[in-house]
A.B. asks: 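First, the structure itself, so that you have it in front of you.
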Amino acid sequence: MRYSEMFLPTGREIPSDAEVISHQLMIRAGMIRKLTSGIYSYLPLGYRVIRKVEQIIREEMNKAGAQEVCLPMVQPAELWQESGRWEFYGKELLRFHDRHERGYCLGPTHEEVITDMVRNDIKTYRQLPRNLYQIQTKFRDEVRPRFGVMRAREFGMKDAYSFDADEAGAEISYEKMFTAYNNIFRRCGLKFRPVEADSGSIGGKYSHEFMVTAESGEDAIVVCDKCHYAANLEKAEVAKPDKIDGMEKDWLPQESVHTPNVRTIEEVSEFLQVTPQDIIKTLIFNADGKPCAVLIRGDQEVNEIKVKNYLGANELELADDEMIMQATGAPRGFAGAVNIKTRVVADFSVMNMVNFVTGANKEDYHLKNINFGRDCKVESFADLRVIEKDDKCPRCGGDIQFVRGIEVGHVFKLGTKYSKAMKAVYLDRDGQEKIMIMGCYGIGIGRTVAACIEQNNDANGIVWPMPLAPYQVIITPVNVNEGEVFKAAEKIYNELLAEGIEVILDDRDERAGVKFKDADLIGIPLRVTVGQKNLVSGNVELKNRQTGETQIYPLTEIVAEIRKKVAEGLNPTAGQSTQV
RNA sequence: CGGGAUGUGGCCCAGCUUGGUAGGGCACUGCGUUCGGGACGCAGGAGUCGCGCGUUCAAAUCGCGCCAUCCCGACCA
């Protein structure tokens, strides 16, 4: 394409409403424009990159045996009522009515629609397994859209759904997608890693997130130095400590202490001259309307997702003052496990504690020298806390590290959550009606592009890896008014076009500096500079955007050299991709 | 939803404290010079100063209300 004919508005200024680098660069490079909060238009350059990602996804999904479909974005309320999510999905689901006052929503995801489609047309085990996918616009009415297309309300997503006859089949479907996702992100030239994750409101029991590692990532990931263990912070397991026996002999007599207006862990440890490690924090949660006490060591943090999963609750939040008063008989700050009337569960961190401090369930009083087995009882000990830097890997005991990442893909084993609710059944070999086992698999398209920029940029702009680059080569004639120079540039341009290489000819009558800056900003991997200086000896320059390296080639060899470099760039070496 | 900030030609911003002709840089149009890392000169076009109400002889500027955008938090694939 000739630059002079392109719709490619680049900008020198950093947009005032863009915070992260990828957002700034996408605007400056003329890739996107904001229409309204969380809703973006893609300009030609941006859309080319989107299509590169989509194409890689299509190829890998097809290779994995999935078939592409296209499902409606507008979905009837009845379907969501049937799955139960009309109530549960919350305000993120944008709902509206048509002229007949019938309820609809904009699809934030498509489990309901696909399950409806499959249950109507798949009747026998002979038709299973099937994996259907689409690349489609989703709408989620995010509370706080941010970081440009990274957390947008309207965004492109590849979503796939697998249907299997049994668990073993579902396992295979999941593995296929897991492999396909690794291939996809590797081909995109990203540094990423799959991590174990919680399955959230989509539901299901088992899932992995694909995280692109980046400082600006919204998610914290725990990775093991020694083994392959990697998990989202919210999912990362904390190993169960060994039970230490024989501590009963050291039990001291229970003591009640007047602690006027002393509530927080800091205040208690200060007041009683003990460390937070000597205190058991008692948090009262509201689990589906019922109070539940969670015990944890004073210096540690409860992982609400673990509590929610452990209790099997649909909704979990910290109890309000009223519920605390009702459950403990005391205001906030004085809850404890001794003589409490609610369910009591405890984190492993308190399992081996003796003579600890805790609230007295009485205003302005705490208890000292409390011991399990004598003073209070818990229903069970479990892993309920957030993992910390000093914790060890739950798999191999090695040291762990915290890194940040951007979630670009997520694979879930759904089980029968939707197929059961929506009666997606088939007849097995014996004529028995059985429920299909489902999996679902998503990739954020725009987010993948943004994540790629987060990982590949410098002071001058974007540095595209070859597979995602909107164009592979840009030819920059230093001065278009010098006939020889421009002719040579055009010749290379035409030859590259004939080779099927994606190339821009910067034919604008601009100074060289302007063109160099724009080429760097939009991040084209290879730049051919055609100038009088080298042309007199029949040569041109080839500059590598990533390394900054410049090489001189004769006009006669430049096309072959580019062909080679483009081909190399399209096949990034395997192995380096998963490094962090 | 809580806290904070911002809103002035397409973009980045000054002006607001102390009310009085709406400014600069970039971009854009024309002419000339220049031409390998964001050139220069001259001449131009382009703005309901987010919206509304109020105070005032007079409001970008002061007051009240609203809206939008961004950041932090809560929440969330």
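Nothing here was measured: the structure is a model prediction, and the numbers come from that model. All chains are named by letter (A, B, ...) in the order of the sequence lines, taking the proteins before the strands, and each is independently numbered beginning at 1.
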A.B. asks: Would you tell me whether A:Asn544 and A:Glu549 have side-chain atoms, one donor and one acceptor, within less than 3.5 Å of each other?
C.D. replies: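 No - no donor-acceptor pair under 3.5 Å links their side chains.
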A.B. asks: Please name the nucleotide paired to B:C31 by Watson-Crick or G-U wobble geometry with both distances under 3.5 Å, or report none.
C.D. replies: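 Check on B:C31: paired to B:G41, both distances under 3.5 Å.
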A.B. asks: Does the plane of the ring in A:Phe210 sit parallel, tilted or perpendicular to the ring in A:Phe178? Use 30° and 60° as the thresholds.
C.D. replies: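 Tilted: the ring planes of A:Phe210 and A:Phe178 meet at 30° to 60°.
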A.B. asks: Paired with B:A46 by Watson-Crick or G-U wobble geometry, both distances under 3.5 Å: which nucleotide is it?
C.D. replies: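 The answer is none; no pair meets the criterion.
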A.B. asks: Apply side-chain contact (heavy atoms from CB on, under 4.5 Å) to residues A:Leu496 and A:Val559 and explain how you reach the verdict.
C.D. replies: CA-CA 6 Å; A:Leu496 288 176; A:Val559 171; 4.0 Å; yes
A.B. asks: Mapping A:Glu92 and A:Thr36 to their closest nucleotides on RNA chain B, which lands nearer the 5' end?
C.D. replies: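 Mapping each residue to its closest nucleotide by heavy atoms, the 5'-most match is A:Thr36.
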A.B. asks: Scan A:Phe155 against the nucleic acid and name what it touches under 4.0 Å (heavy atoms): base, sugar-phosphate only, or nothing.
C.D. replies: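 Base: the residue A:Phe155, judged by heavy atoms under 4.0 Å, touches a nucleobase.
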A.B. asks: In this structure, which one of A:Leu25, A:Val20, A:Ile21 forms a side-chain contact (heavy atoms from CB on, under 4.5 Å) with A:His23?
C.D. replies: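 Among A:Leu25, A:Val20, A:Ile21, the one that satisfies the side-chain contact (heavy atoms from CB on, under 4.5 Å) with A:His23 is A:Val20.
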A.B. asks: If pairing requires Watson-Crick or G-U wobble contacts with both distances under 3.5 Å, which nucleotide is the partner of B:G73?
C.D. replies: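 For B:G73, the partner nucleotide comes out as B:C1, under the 3.5 Å rule.
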A.B. asks: Less than 3.5 Å apart, any donor N or O on the side chain of A:Tyr418 or A:Glu111 sitting next to an acceptor on the other?
C.D. replies: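 Looking only at side-chain atoms, A:Glu111 and A:Tyr418 do not form any donor-acceptor pair under 3.5 Å.
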A.B. asks: In whole Å, measure the gap between the C1' atoms of B:G23 and B:A60 for me.
C.D. replies: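 So the two C1' atoms sit 12 Å from each other.
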A.B. asks: With the sugar-phosphate defined as primed atoms, P, OP1 and OP2, and the base as all remaining atoms, what B/S/- string results for nucleotides 36-47 of chain B, 5' to 3', for protein heavy atoms under 4.0 Å?
C.D. replies: BBBB--------
A.B. asks: Quickly work out the A:Ile27 CD1 to B:C70 C1' distance and round it to whole Å.
C.D. replies: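 So the two atoms are 12 Å apart, to the nearest Å.
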A.B. asks: Distance check needed: B:U69 P versus A:Lys34 NZ, whole Å only.
C.D. replies: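 Interatomic distance, NZ of A:Lys34 to P of B:U69: 7 Å.
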A.B. asks: With the sugar-phosphate defined as primed atoms, P, OP1 and OP2, and the base as all remaining atoms, what B/S/- string results for nucleotides 1-16 of chain B, 5' to 3', for protein heavy atoms under 4.0 Å?
C.D. replies: ----------SSS---
A.B. asks: Taking the C1' atom in each of B:A58 and B:G54, what is the distance between them to the nearest angstrom?
C.D. replies: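 These two C1' atoms come out 15 Å apart once rounded.
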A.B. asks: For A:Met150, which contact category applies under a 4.0 Å heavy-atom criterion: base, sugar-phosphate, or nothing?
C.D. replies: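 A:Met150: base contact, heavy atoms under 4.0 Å.
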A.B. asks: B:G20 and B:A59: how far apart are their P atoms, nearest whole angstrom?
C.D. replies: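 Approximately 11 Å lies between the P atom of B:G20 and that of B:A59.
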A.B. asks: How many Å lie between CG on A:Asp509 and P on B:U33, as a whole number?
C.D. replies: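 Atom-to-atom, A:Asp509 to B:U33, this comes out as 13 Å.
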A.B. asks: Measure from CD on A:Glu218 to P on B:C72 and round the result to the nearest Å.
C.D. replies: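 Checked: the CD to P distance equals 9 Å.
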A.B. asks: Restricting to pairs with a member in residues 210-221 of chain A, which pass salt bridge (Lys or Arg N to Asp or Glu O under 4.0 Å), not counting sequence neighbours?
C.D. replies: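 Every salt bridge (Lys or Arg N to Asp or Glu O under 4.0 Å) pair that includes a residue of residues 210-221 of chain A, provided the two are not neighbours, is A:Arg146-A:Glu218, A:Arg151-A:Glu218.
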A.B. asks: Rounded to whole Å, please give me the gap between NZ in A:Lys308 and C1' in B:C76.
C.D. replies: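 So the NZ-C1' distance, A:Lys308 to B:C76, works out to 10 Å.
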A.B. asks: If we take the P atom in both B:A27 and B:C16, what is their distance in whole Å?
C.D. replies: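 Roughly 27 Å separates the two P atoms.
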A.B. asks: When both hydrogen-bonding distances must be under 3.5 Å and the geometry is Watson-Crick or G-U wobble, what is B:C57 paired with, if anything?
C.D. replies: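 Base partner found: B:G20.
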A.B. asks: To the nearest Å, give me how far apart CG (A:Asp141) and C1' (B:C75) are.
C.D. replies: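 So the CG-C1' distance, A:Asp141 to B:C75, works out to 13 Å.
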A.B. asks: Using the C1' atom on both, measure B:U21 against B:U61 and round to a whole Å.
C.D. replies: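 These two C1' atoms come out 15 Å apart once rounded.
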A.B. asks: Do A:Thr476 and A:Asp506 have a side chain donor and acceptor closer than 3.5 Å?
C.D. replies: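 There is no such pair between these side chains.
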A.B. asks: How do A:Asp219 and A:Ser37 order along RNA chain B: which one's closest nucleotide is nearer the 5' end?
C.D. replies: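 Residue closer to the 5' terminus by nearest nucleotide: A:Ser37.
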A.B. asks: Between the side-chain atoms of A:Arg151 and the base atoms of B:C76, is any donor-acceptor pair under 3.5 Å?
C.D. replies: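 A donor-acceptor contact between them is present.
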A.B. asks: Quote, to the nearest angstrom, the P distance that separates B:C64 from B:U6.
C.D. replies: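 Approximately 15 Å lies between the P atom of B:C64 and that of B:U6.
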A.B. asks: Tell which nucleotide pairs with B:G36, taking only Watson-Crick or G-U wobble pairs whose two distances are both under 3.5 angstrom.
C.D. replies: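 Looking at the geometry, B:G36 pairs with no nucleotide.
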A.B. asks: Which whole-number value in Å describes the distance from A:Glu142 CD to B:U69 C1'?
C.D. replies: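 Rounded to whole Å, this separation is 17 Å.
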A.B. asks: Cation-pi between A:Lys389 and A:Phe402: NZ/CZ under 6.0 Å from ring centre and within 45° of the ring axis?
C.D. replies: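 Yes, A:Lys389 sits over the ring of A:Phe402.
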A.B. asks: Figure out the CG/P separation between A:Leu93 and B:C76, and round it to whole Å.
C.D. replies: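 Rounded to the whole Å, the gap is 15 Å.
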A.B. asks: Taking the same atom, P, in B:G63 and in B:G45, what whole-Å distance lies between them?
C.D. replies: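 36 Å, rounded to whole Å.
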A.B. asks: Take atom P in B:A22 and the same atom in B:C49, then report the distance between them in whole Å.
C.D. replies: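 Going atom to atom, P in each nucleotide, I get 11 Å.
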A.B. asks: Would A:Gln532 and A:Asn479 count as having a side-chain donor-acceptor pair, cut-off 3.5 Å?
C.D. replies: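 Distance-only check fails for A:Gln532 and A:Asn479.
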A.B. asks: Once the angle between the rings of A:Trp80 and A:Tyr89 is folded into 0 to 90°, is it parallel (under 30°), tilted (30 to 60°) or perpendicular (over 60°)?
C.D. replies: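 The rings of A:Trp80 and A:Tyr89 stand perpendicular, inter-plane angle above 60°.
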A.B. asks: Find the partner of B:C51: check Watson-Crick (N1-N3 plus N6-O4 or O6-N4) and G-U wobble (N1-O2, O6-N3) distances, both under 3.5 Å, and reply none if neither fits.
C.D. replies: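 Base partner found: B:G65.
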A.B. asks: Who is the Watson-Crick or G-U wobble partner of B:G10, with both distances under 3.5 Å?
C.D. replies: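 WC or wobble partner is B:C26.
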A.B. asks: Do we see a donor-acceptor contact under 3.5 Å between the side chains of A:Tyr493 and A:Glu495?
C.D. replies: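 No.
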A.B. asks: Could you tell me whether a side-chain N or O of A:Glu112 sits under 3.5 Å from a main-chain N or O of A:Leu79, the two making a donor and an acceptor?
C.D. replies: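 No.
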